[in-house]
Amino acid sequence: MAEKKETITLDCGLDLVGEVLYGKWKMRLLYFVNEGHKRPSELQRKIPDASRRVLHLQLKELEEHELVSKIIYPQVPPKVEYSLTEFGKTIIPLISSLGQWADKHDKQLRRVIAKR
């Protein structure tokens, strides 16, 4: 994976959140892992628009940020499962709140997004 060449500015909490959650599928991945979808194939089925590679990279970043943990079972074929860490569980209420906010403002959000 390529190293980031830009300097990361972490001046406030929003910068920190952006650094950890930046990525199109990260919040969905956290939400689905919390719901019990732990295998990569299950997550791929829940997010069919995302490529397997992108999901793998974003899960790896979530693991590096200590929001999810990865368990590899030593069997043939190998079995991989993801679960939320205790730290990862603390962000679920925030993701749920964002989803509720979007549901409440669904029509307006769809209208402004359609303008693009």
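Keep in mind that the numbers below use all heavy atoms, side chains included, and drop hydrogens, waters and symmetry copies.
Under a 4.0 Å N-O distance rule, the pair E63/K60 does not qualify as a salt bridge.
Atom CH2 of residue W101 and atom CG of residue D106 lie 11.0 Å apart, to the nearest 0.5 angstrom. Between the OG atom of S83 and the CG atom of L67 there is a distance of 11.5 Å, given to the nearest 0.5 Å. Annotation: the span from S41 atom OG to R52 atom CZ amounts to 7.0 Å, rounded to 0.5 Å. Note that OH of Y82 is 13.0 Å distant from NZ of K38, once rounded to the nearest 0.5 Å. K26 NZ to I91 CD1: the interatomic distance, rounded to the nearest 0.5 Å, is 10.5 Å. Between the NZ atom in K104 and the CD atom in Q100 there is a gap of 10.5 Å [rounded to 0.5 Å].
Heavy atoms only, all atoms of each residue included: L84 and V33 are closest at N-CG1, 3.7 Å. Between V20 and L62 the shortest heavy-atom distance is O-CD2, 4.3 Å. When every heavy atom of D11 is checked against every heavy atom of D15, the shortest pair comes out as N-OD2, 2.8 Å. Nearest approach of E61 to Y22, heavy atoms of both residues: OE1-O, 4.4 Å.
Cluster annotation: L57 and M27 are assigned to distinct hydrophobic clusters (Ile/Leu/Val/Met/Phe/Trp/Tyr, side-chain heavy-atom contacts under 4.5 Å, transitive). V17 and F87 end up in the same hydrophobic cluster when Ile, Leu, Val, Met, Phe, Trp and Tyr side chains are linked at under 4.5 Å. There is a path of hydrophobic side-chain contacts, each under 4.5 Å, that joins L94 to W25.
Crowding of L14 atom CG: a count of heavy atoms from other residues, nucleotides or ligands under 6.0 Å not exceeding 12. The number of heavy atoms from other shown groups lying within 6.0 Å of NZ (K24) does not exceed 12. With a 6.0 Å radius and a threshold of 12 heavy atoms from other residues, nucleotides or ligands, E35 has its CD atom above the threshold. Within a 6.0 Å radius of OH in Y31, other residues, nucleotides and ligands contribute 12 heavy atoms or fewer.
Annotation: side chain of Q44 is in contact with side chain of L55 (closest heavy-atom distance under 4.5 Å). Put simply, the side chain of L21 reaches to within 4.5 Å of the side chain of L30, judged on heavy atoms.
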| request: May I have the step-by-step check of side-chain contact (heavy atoms from CB on, under 4.5 Å) for L43 and L59, ending in yes or no? | output: CA-CA 10 Å; L43 295 168; L59 283 163; 4.0 Å; yes
| request: Please assess E42 against R45 for the test salt bridge (Lys or Arg N to Asp or Glu O under 4.0 Å), listing each intermediate value before the final yes or no. | output: CA-CA 5 Å; E42 292 174 315; R45 281 192 293 277; 5.1 Å; no
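No donor-acceptor pair closer than 3.5 Å links the side chain of Q58 to the backbone N or O of V54.
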